[in-house]
Amino acid sequence: QQQVKQSPQSLIVQKGGIPIINCAYENTAFDYFPWYQQFPGKGPALLIAIRPDVSEKKEGRFTISFNKSAKQFSLHIMDSQPGDSATYFCAASRADNFNKFYFGSGTKLNVKP
Amino acid sequence: DAGITQSPRYKITETGRQVTLMCHQTWSHSYMFWYRQDLGHGLRLIYYSAAADITDKGEVPDGYVVSRSKTENFPLTLESATRSQTSVYFCASKHTDTQYFGPGTRLTVL
């Protein structure tokens, strides 16, 4: 059973659009929610992360929205660019075992010029 | 170069053979991890290590063996490879909350 469910599996947007990737979890013990970005042939790299004490976090064009009651969080990419085309993974970890990351299944984003 | 290196980058082997994937980090991070990446499953944790000589199972440890005699190295061994172990394998190390991933090894088991 997948601990973190991610959707959609793939996404195509035009340059300047705002792609939104959603993740949901069941385990209320999760308290750290990172997003990783992966380019073809490369390993994932941390993009942005949030803890449940805030509902939103922005870093440049990337924003995480967090809804603790719904157990959902999402990634928004403002003014998306072709260079943002990559696979995005959400993840979650627990305070009592912060070394175990549970990853979503990934979303392949294609930003068309 | 600083960071995490993995070798080989590509490997083709046959069912039943033993295969070892190498991982080396230059940072001296205590924690290291092995994941496999399969379409539709994202990244799944195979094993992790908190320090030299300390290892623990992740989500999908069956068929894999790890060791960590030195902080900087964390090899993953498939003792008798099966076709279901065809995957891309990523090694990672952790500093504070961030995991840093290597470039991956694409393993094909025929």
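Chain letters run A, B, ... following the sequence lines, proteins first, then strands; residues in each count from 1.
Contact tally against chain A (heavy-atom pairs below 4.5 Å) for B/H41, B/R44, B/Q99: the top residue is B/Q99. Ranking B/L39, B/T98, B/V88 against chain A, the residue ahead of the rest is B/T98, based on heavy-atom pairs under 4.5 Å. Of the listed residues A/Q6, A/Q38, A/Q9, A/K42, the one with more heavy-atom pairs under 4.5 angstrom with chain B than any other is A/Q38.
A side-chain donor from one of B/R68 and B/S49 sits under 3.5 Å from a side-chain acceptor of the other. Residues B/S93 and B/H29 bring a donor and an acceptor atom of their side chains to less than 3.5 Å of each other.
Only the side chain of B/R9 comes within less than 4.5 Å of a heavy atom in chain A; its backbone stays farther off. When heavy atoms are compared at a cutoff of 4.5 Å, B/Y100 does not approach chain A at all. Heavy-atom distances place no part of B/D38 under 4.5 Å from chain A, backbone and side chain included. Neither the backbone nor the side chain of A/P34 comes within less than 4.5 Å of any heavy atom in chain B. Proximity to chain A is limited to the side chain of B/L45, based on heavy atoms less than 4.5 angstrom apart. With a 4.5 Å cut-off on non-hydrogen atoms, B/Q37 touches chain A through its side chain but not through its backbone.
Side-chain atoms of A/R94 never come within 3.5 Å of backbone atoms of A/F30 as a donor-acceptor pair (strictly under, hydrogens ignored). Side-chain atoms of B/T86 come within 3.5 Å of backbone N or O of B/R83 as a donor-acceptor pair.
Residues B/Y89 and B/Y35 place their aromatic rings such that the two centres sit no closer than 6.0 Å. Two rings, from B/F74 and B/Y47, have their centers 6.0 Å or more apart.
Residues A/L11 and A/Y88 share a hydrophobic cluster, clusters being chains of Ile/Leu/Val/Met/Phe/Trp/Tyr side chains in contact below 4.5 Å.
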